[in-house]
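What follows is one structure encoded as structure tokens, with my remarks underneath.
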Amino acid sequence: MLDELDQFDKNQVWELLPKPTNTAIVGTKWVFINKLNEDGKVVINKARLVAQGYSQHEGVGYDETFALVARLESIRILLAYASIKGFKLFHMDVKSAFLNGFIYDEVYAK
């Protein structure tokens, strides 16, 4: 959880403000995940701060939702293409990929 908050501070993605009036505020919650090894033992405890999507209002950014992970069909196409072309693929985990985009609208979260 502290790693996630440190990424927010490091990338300067938010600032603390008083609650504005007459403005939609998106709720947030923490999601905790235990990563297991092949024996079923907990190896890593992960935490991620996520927006509560059900607090969106239709017509206000309602159709602009993005998945944090690739679709399975996309991965299959990539693997098939790499196999045909003889490409070498590497796997990597990007901790804060969603923090690298820009939001040009003001978004208030609690």
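A quick note: this is a predicted structure, and the numbers were derived from the prediction, not measured. Just the heavy atoms: all of them, side chains too, but no hydrogens, waters or symmetry mates, feed the values below.
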The side-chain contact (heavy atoms from CB on, under 4.5 Å) partners of I44 (sequence neighbours excluded) come to K35, K46
Kindly determine whether L36 and V43 satisfy side-chain contact (heavy atoms from CB on, under 4.5 Å), including the steps that lead there. CA-CA 5 Å; L36 307 175; V43 179; 5.9 Å; no
Would you give the length of the straight line joining atom OH of Y108 to atom OG1 of T23, rounded to the nearest 0.5 angstrom? 5.5 Å
How many angstroms lie between CD1 in I75 and CG in L89, if you round to the nearest 0.5 Å? 11.0 Å
Any side-chain to backbone donor/acceptor pair from D39 onto K41? Under 3.5 Å, distance only. no
Who pairs with K85 by side-chain contact (heavy atoms from CB on, under 4.5 Å), at least two apart in sequence or on another chain? Y81, F87
About how many Å separate CD1 of I77 and CZ of R71, when rounded to the nearest 0.5 Å? 10.0 Å
Any chain of hydrophobic side-chain contacts (each under 4.5 Å) joining V50 to F32? no
